[in-house]
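Have a look at the structure below before the remarks.
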There are 2 protein chains.
Amino acid sequence: MTESVPPRSRPGPRRGLTERAILDAALRLVDAGGAEALSVRSVAAEMGVAPNALYTYFRTKADLVAALGDDLLGRLDLDAALGDADWRSAVVRLAADLRATLLAHPGVVPLLLHAGFAGPRALVAGEVLLELLSRGGLPADDTARASYLLQTYVLGTVALDAAELPPGAARPDDAARTAERRRALGGADPALLPRTAAAADVVAAYNGDAQFRWGLDRLLDGL
Amino acid sequence: MTESVPPRSRPGPRRGLTERAILDAALRLVDAGGAEALSVRSVAAEMGVAPNALYTYFRTKADLVAALGDDLLGRLDLDAALGDADWRSAVVRLAADLRATLLAHPGVVPLLLHAGFAGPRALVAGEVLLELLSRGGLPADDTARASYLLQTYVLGTVALDAAELPPGAARPDDAARTAERRRALGGADPALLPRTAAAADVVAAYNGDAQFRWGLDRLLDGL
DNA sequence: ACCTGAACACCGTTCAAGT
DNA sequence: ACCTGAACACCGTTCAAGT
């Protein structure tokens with residue numbers, strides 16, 4: 001009998017290969033294996049296409065990474081923050097949302113930090129933060145600087161937390177966090193670093209979210 | 001006439017290839033070409049040895065990167081901070097030193113963020129920060145959390161700033177910063193992002209260091 | 001317009017061998 | 001102990017060609 005069409009491996013368009021599907025596949029890979037599991041070739045393999053097929057949708061790998069990061073920022077619930085009558089709790093809500101969204105995909109964090117926050121979704125989120133702060137009645141210049149301050153705080157926190165999260169693993173509980181912090185102290189002699197040894201217990205005893213909100217409150221108190 | 005020893009390309013030990021020299025070469029490459037200019041092979045080429053020669057000194061590239069980051073933290077002037085009679089100005093001094101040290105080598109920043117701050121030099125610097133904060137008379141638990149807060153702030157600031165610094169270029173002045181911020185807004189319609197457009201001018205009008213110290217002061221006020 | 005195959009100049013790392 | 005040469009399984013990207 002004559003061969004019918006070979007399953008699917010000839011040139012030409014395919015439905016199913018879209019920008020959206022590529023970003024979903026990329027996020028899946030990063031979630032499973034961390035930032036270094038993301039390559040043009042691994043994404044292509046995940047989608048069952050030739051590596052260079054992706055260049056129809058993204059000009060370079062850097063563009064793909066930027067789009068992946070911005071896509072994540074597009075998932076923030078900006079309306080929820082804008083709808084909060086109290087400006088300060090609205091800011092806390094937005095900051096916590098950003099933190100949770102990024103830590104749900106810790107492998108993306110180093111990619112995002114390297115790429116910067118210049119995508120369209122990032123700009124919109126920044127605009128919302130400025131709106132919320134302006135409701136607080138700060139002097140105009142302070143609003144701009146406070147926005148920058150808040151962004152750096154959230155990013156710094158997320159960066160440090162994400163660096164501790166091994167790819168593909170479940171979020172560690174408090175006990176695991178404590179163990180990890182102690183491990184990070186490594187072979188260092190606790191007698192030489194008495195305050196560090198003590199602080200590791202204190203910080204680890206709070207879960208990351210409580211620690212995050214404590215710092216956020218201190219920061220808002222200073223404004 | 002008979003050939004004397006070929007210049008130097010045979011197996012066997014060489015003086016000049018040391019951990020220190022490797023880190024210096026690596027830093028030179030990162031300074032010149034950014035984080036992606038750092039490869040095991042590029043460092044080896046810079047030193048005139050075979051790529052695998054480096055594996056005598058570092059088990060993996062990740063180990064080399066971690067050592068590079070920690071080496072930078074070892075350049076902090078901890079004694080200057082400890083010698084400052086006023087605890088608050090000592091903290092500001094240490095934070096500014098850290099920021100300046102990292103931004104002097106912006107290409108290292110993404111590497112450092114990914115690797116975390118778990119090296120011996122990082123631990124010692126953290127210990128000093130805790131010491132300074134404890135002089136401030138905070139409750140013991142707050143000292144630990146304030147230390148974490150300060151670290152995240154400095155890191156976040158540096159990460160955002162470093163993402164804007166092109167590798168190999170001179171530190172941009174205020175005019176260049178303003179132009180860059182406007183460019184980052186890209187094709188975005190300023191009418192849709194009115195507050196962002198206004199804030200870009202405000203933030204860029206301050207140099208990064210003044211902005212950094214403003215945030216640091218707000219933060220310390222909240223403690 | 002959208003995809004494939006083949007190729008280019010790279011990677012990090014390992015292994016056997018030389019000094 | 002310290003280095004080289006050669007090889008392995010990878011990269012991102014480009015180019016010509018097929019539908």
Side-chain angles (χ1 to χ4, degrees), chain A residues 3-23 25-26 29-30 32-69 107 110-111 114-115 167, chain B residues 3-26 28-30 32-69 107 110-111 114-115 167:
Chain A
E3 290 290 349
S4 54
V5 245
R8 218 54 179 100
S9 56
R10 303 195 319 268
R14 299 185 193 210
R15 64 186 185 295
L17 189 55
T18 64
E19 200 164 312
R20 176 74 269 143
I22 293 170
L23 292 179
L29 288 167
V30 172
E36 47 251 34
L38 178 68
S39 72
V40 174
R41 296 179 109 102
S42 66
V43 174
E46 173 89 0
M47 317 228 18
V49 297
N52 46 0
L54 303 189
Y55 286 83
T56 301
Y57 302 88
F58 299 97
R59 217 174 43 79
T60 62
K61 183 191 180 183
D63 283 2
L64 199 167
V65 166
L68 183 63
L111 300 173
H114 196 165
Chain B
E3 291 290 347
S4 54
V5 244
R8 219 49 179 105
S9 57
R10 301 196 322 267
R14 301 185 189 210
R15 67 184 183 295
L17 189 55
T18 64
E19 198 163 315
R20 176 75 267 143
I22 292 170
L23 291 179
D24 288 341
R28 243 179 284 132
L29 288 168
V30 172
E36 48 253 33
L38 178 69
S39 71
V40 174
R41 296 178 110 103
S42 66
V43 174
E46 172 90 2
M47 315 225 22
V49 298
N52 45 3
L54 303 189
Y55 286 83
T56 301
Y57 302 87
F58 299 97
R59 216 173 44 79
T60 62
K61 183 192 179 183
D63 283 1
L64 198 167
V65 166
L68 182 62
L111 300 172
H114 197 160

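Because the structure is predicted, anything quoted here is derived from the model rather than measured. Every chain is numbered from 1, with letters handed out A, B, ... down the list of sequences.
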Indicate the atoms forming the closest heavy-atom contact of A:A37 with A:S42, along with that distance. O-OG, 3.0 Å

Taking only side-chain nitrogens and oxygens of B:Y55, does any of them come within less than 4.0 Å of OP1 or OP2 of C:dC15? no

With the side chain of B:A53 defined as its heavy atoms from C-beta on, choose the nearest nucleotide among D:dC3, D:dT13, C:dT4. D:dC3

Output the rounded distance in Å from CD (B:E19) to P (D:dC3). 13 Å

Spacing of CZ belonging to A:R41 relative to CG belonging to A:L54, to within rounding of 0.5 Å: 11.0 Å

Salt bridge between B:R28 and B:D24, side-chain N to carboxylate O under 4.0 Å? no

Separation of A:Y57 OH from A:L23 CG (nearest 0.5 Å): 12.0 Å

Rounded distance in Å - CG (B:D63) to C1' (C:dG12): 13 Å

Counting heavy atoms from C-beta on, name the nucleotide in C:dT13, D:dT13, C:dC3 closest to the side chain of A:K61. D:dT13

Result for 5'-nearest mapping on DNA chain D, choosing between A:A37 and A:R59, is A:A37

Can you tell me which nucleotide in D:dT4, C:dT13, D:dC2 comes closest to the side chain of B:Y57? D:dC2

Measure CD/B:E36 against C1'/D:dT13 and give the value in whole Å, please. 15 Å

5'-to-3' dot-bracket of DNA chain C (Watson-Crick, G-U; under 3.5 angstrom; crossing pairs as [ ]; | other strand): ||.|||||...|||||.||

Starting from P on D:dC3, measure out to CE on B:M47 and report it in whole angstrom. 9 Å

Can a side chain N or O of B:S39 be found less than 4.0 Å away from OP1 or OP2 on C:dG12? yes

So which nucleotide from D:dT4, C:dT4, C:dC2 ends up closest to the side chain of A:T56? C:dC2

Over how many whole Å does the gap from B:F58 atom CZ to C:dT14 atom C1' extend? 19 Å

Which is more 5' along DNA chain C, the nucleotide nearest A:R41 or the one nearest A:P51? Just name the residue. A:P51

To the nearest 0.5 Å, atom CG of B:L17 lies from atom CE of B:M47 at 5.0 Å

Neighbour count >12 (heavy atoms, 6.0 Å) for atom CZ, A:R59: no

Quick one: pull up NE2 in A:H114 and CG in B:L111 and give me the separation to the nearest 0.5 Å. 8.0 Å

